[in-house]
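Step one of this worksheet: look at the structure below.
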Amino acid sequence: MALIREIVGIGAAEFYSDNPMVPDGPAEEVLEAARRRALREPLQYITGRAEFMGMVFRVGPGVLVPRPETELLVEEFCRLFPDRQSSPYVADICAGSGCIALAIASRYPRARITATDASAIALGYALDNASRLGIGNVNFIEGSLLDPLIGEVFDVIVSNPPYIPEGEIDSLMPEVSSFEPREALDGGKDGLDFYRLLIDGAGAHLKPGGLIILELGAGQREEIEAMASEAGFAINGVIKDVSGHERVVVIGS
Ligand code: GLN
C-alpha cells in the first residue's frame, strides 16, 4: 500500500477515502514497482526515498537505507547538546546517505561537520541529500574511517559503522542481504572490525573531554566496552532500542 501511495503520489487520507482520486497514468509504474518489490527489493530503493528524523533522504542501490534505530544516535546527540546554537566540531564516520551528519547539521546550524565514507556511490547520495535539504555545514570526504582526517580534532565523533559479522549476512532478510551494499553491512569475522579501528584511532582525533557516540549491533556492548577501556576510554551512556537491545553507546574519557 505504501508503495502504491508513493508512486501514485496521493496522501493517506485521500487514498483510504471511499472515492479516491487516482490519476490513471502511473498504473504501469505501479506494476513495475510491485514486480521489483516481489523480488524483495527494499521499498526505499523502489521509491528512491527514506525518512529519517522527519527528513526525506534520497537512497538507492549502493547506499544503506537509514534505519529507525539510528535515530537514537541523533536523539542522544541532541540530548547531550541541548543548546541548538552551540557549534560543536563533529565527525561522522561511515556516513552512507549522510543521514546522521545531515540530521545533526540541520538541528545545529552553527555546528561544523566532517563526514567520511569509503564508497564514492554513497557519497554521491550524501552530497545530493545535502543539496536537496539545503544544508551547507557538512563537508563530505571520500576515504576510510578516520584516514582522511589527519590533524583534525573533534568535539564529537559519531558513527554507525558496518557491524554485521560476515558469516551472518546471508541469513538476513533478502531485502538486506541481496540488495544493500555488502561493504555497508560487513563488519568482518566478529562484526567488530570497524569499532577496533575507530576506537583505537579516536584518541588522536578528540579534544579533551570529547565524546564518541556509536551505534552497535545487538549483543556487542560488552566487547565494545572492553575495547574502549583498553584505549583509555569508558562507556558513560547506553541507550536501548525498542526491542531492548543496547543500541547506542556514548564513550568518553
Ligand atoms: N551512517 C549511515 C547510516 O546510518 C551509513 C551506515 C553504514 O553504511 N554502515 O545509515
Side-chain angles (χ1 to χ4, degrees), residues 1-16 20-23 25-26 29-30 32-34 36-37 40-79 84 90 92-117 119-142 158-162 173 175-176 179-181 184-185 213 215 241-242 247-248:
M1 284 304 159
L3 184 61
I4 299 176
R5 268 209 294 120
E6 285 267 356
I7 291 164
V8 174
I10 62 175
E14 176 68 26
F15 188 79
Y16 292 108
M21 294 277 296
V22 179
E29 243 182 285
V30 170
E32 174 55 20
R36 288 170 67 181
R37 191 64 196 101
R40 306 294 296 268
E41 185 167 350
L43 174 65
Q44 295 89 339
Y45 280 6
I46 302 171
T47 62
R49 311 151 32 98
E51 259 191 60
F52 182 82
M53 296 298 293
M55 300 157 76
V56 174
F57 289 82
R58 201 173 74 79
V59 295
V63 72
L64 194 82
V65 174
R67 303 294 204 269
E69 304 89 276
T70 307
E71 296 187 341
L72 293 173
L73 190 161
V74 177
E75 285 162 4
E76 181 61 11
F77 184 101
C78 294
R79 203 186 61 78
R84 295 288 171 95
V90 182
D92 176 18
I93 307 301
C94 304
S97 62
C99 60
I100 298 174
L102 293 168
I104 292 175
S106 78
R107 285 160 176 76
Y108 296 85
R110 300 169 67 176
R112 213 156 46 95
I113 303 178
T114 298
T116 70
D117 200 285
S119 156
I121 299 176
L123 276 189
Y125 284 101
L127 287 168
D128 188 32
N129 283 321
S131 90
R132 282 164 188 263
L133 293 162
I135 294 174
N137 52 337
V138 183
N139 178 24
F140 289 99
I141 307 178
E142 187 178 337
V158 298
S159 183
N160 172 27
M173 56 187 198
E175 281 82 350
V176 180
F179 289 94
E180 291 197 278
L185 303 168
I213 313 177
E215 177 172 332
D241 65 19
V242 287
R247 186 58 69 186
V248 171

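The structure displayed is predicted, hence computed values, not measured ones. Scope of the values below: all heavy atoms of this structure, side chains included, with no hydrogens, waters or symmetry mates.
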Closest heavy-atom contact between [X] and [Y]?
{"X": "A122", "Y": "S119", "result": "N-OG, 2.9 Å"}
{"X": "Y125", "Y": "P61", "result": "OH-O, 3.1 Å"}
{"X": "R37", "Y": "I46", "result": "N-CD1, 3.5 Å"}
{"X": "E175", "Y": "R40", "result": "OE2-NE, 2.8 Å"}

Using the side-chain contact (heavy atoms from CB on, under 4.5 Å) criterion, which residues pair with [X]? Sequence neighbours excluded.
{"X": "P161", "value": "C94, S159, F194, Y195"}
{"X": "E51", "value": "V56"}
{"X": "T47", "value": "L3, E6, L43, R49"}
{"X": "R112", "value": "Y89"}

Item checked: Non-neighbouring partners of F77 that pass ring-ring contact (aromatic ring centres under 6.0 Å, His included), sequence neighbours left out ->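 Residues passing ring-ring contact (aromatic ring centres under 6.0 Å, His included) with F77: F81, Y108.
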Next item on the list: Would you mind listing every salt bridge (Lys or Arg N to Asp or Glu O under 4.0 Å) that reaches into residues 93-107, with sequence neighbours excluded?
Entry: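 Residue pairs passing salt bridge (Lys or Arg N to Asp or Glu O under 4.0 Å), neighbours aside: none found.
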Check: If you look only at pairs with a residue in residues 53-71, which of them pass as a salt bridge (Lys or Arg N to Asp or Glu O under 4.0 Å), with sequence neighbours excluded?
Finding: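 Only R58-D128, R67-E180 qualify under salt bridge (Lys or Arg N to Asp or Glu O under 4.0 Å).
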Margin query: Walk me through whether L64 and L185 qualify under side-chain contact (heavy atoms from CB on, under 4.5 Å).
Written below: CA-CA 8 Å; L64 194 82; L185 303 168; 3.6 Å; yes
Return the [atom1] to [atom2] distance between [X] and [Y], rounded to the nearest 0.5 Å.
{"X": "T114", "Y": "D92", "atom1": "OG1", "atom2": "CG", "answer": "10.0 Å"}
{"X": "L127", "Y": "R132", "atom1": "CG", "atom2": "CZ", "answer": "12.5 Å"}
{"X": "F179", "Y": "R36", "atom1": "CZ", "atom2": "CZ", "answer": "8.5 Å"}
{"X": "E215", "Y": "L73", "atom1": "CD", "atom2": "CG", "answer": "6.5 Å"}

Notebook entry, point to check: Under the salt bridge (charged side-chain N to carboxylate O under 4.0 Å, His left out) test, which residues partner R110, sequence neighbours left out?
Noted result: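 For R110, no residue satisfies salt bridge (charged side-chain N to carboxylate O under 4.0 Å, His left out) once neighbours in sequence are set aside.
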Checklist line | Flag if over 12 foreign heavy atoms under 6.0 Å of CD1, I141 | finding: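 Count over threshold, so yes.
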Side-chain donor-acceptor pairs under 3.5 Å in residues 95-106, sequence neighbours left out?
residue	atom	partner	partner atom	Å
S97	OG	C99	N	3.4
S106	OG	A103	O	3.1

Check: So do V248 and I213 actually touch side chain to side chain, heavy atoms under 4.5 Å?
Finding: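 Yes, at least one pair of side-chain atoms sits under 4.5 Å.
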Note to self: For the backbone of L123 and the side chain of D117, can you confirm whether one donor and one acceptor N or O come within less than 3.5 Å of each other?
What the structure shows: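 No, D117 side chain to L123 backbone: no donor-acceptor pair under 3.5 Å.
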Next item on the list: With sequence neighbours excluded, tell me which residues meet side-chain hydrogen bond (donor to acceptor under 3.5 Å, both in side chains) with D241.
Entry: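 Result, side-chain hydrogen bond (donor to acceptor under 3.5 Å, both in side chains) vs D241: R247.
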Margin query: Listing request: all ring-ring contact (aromatic ring centres under 6.0 Å, His included) pairs with a residue in residues 43-65, at least two apart in sequence or in separate chains.
Written below: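 Sorted result for residues 43-65: empty, none.
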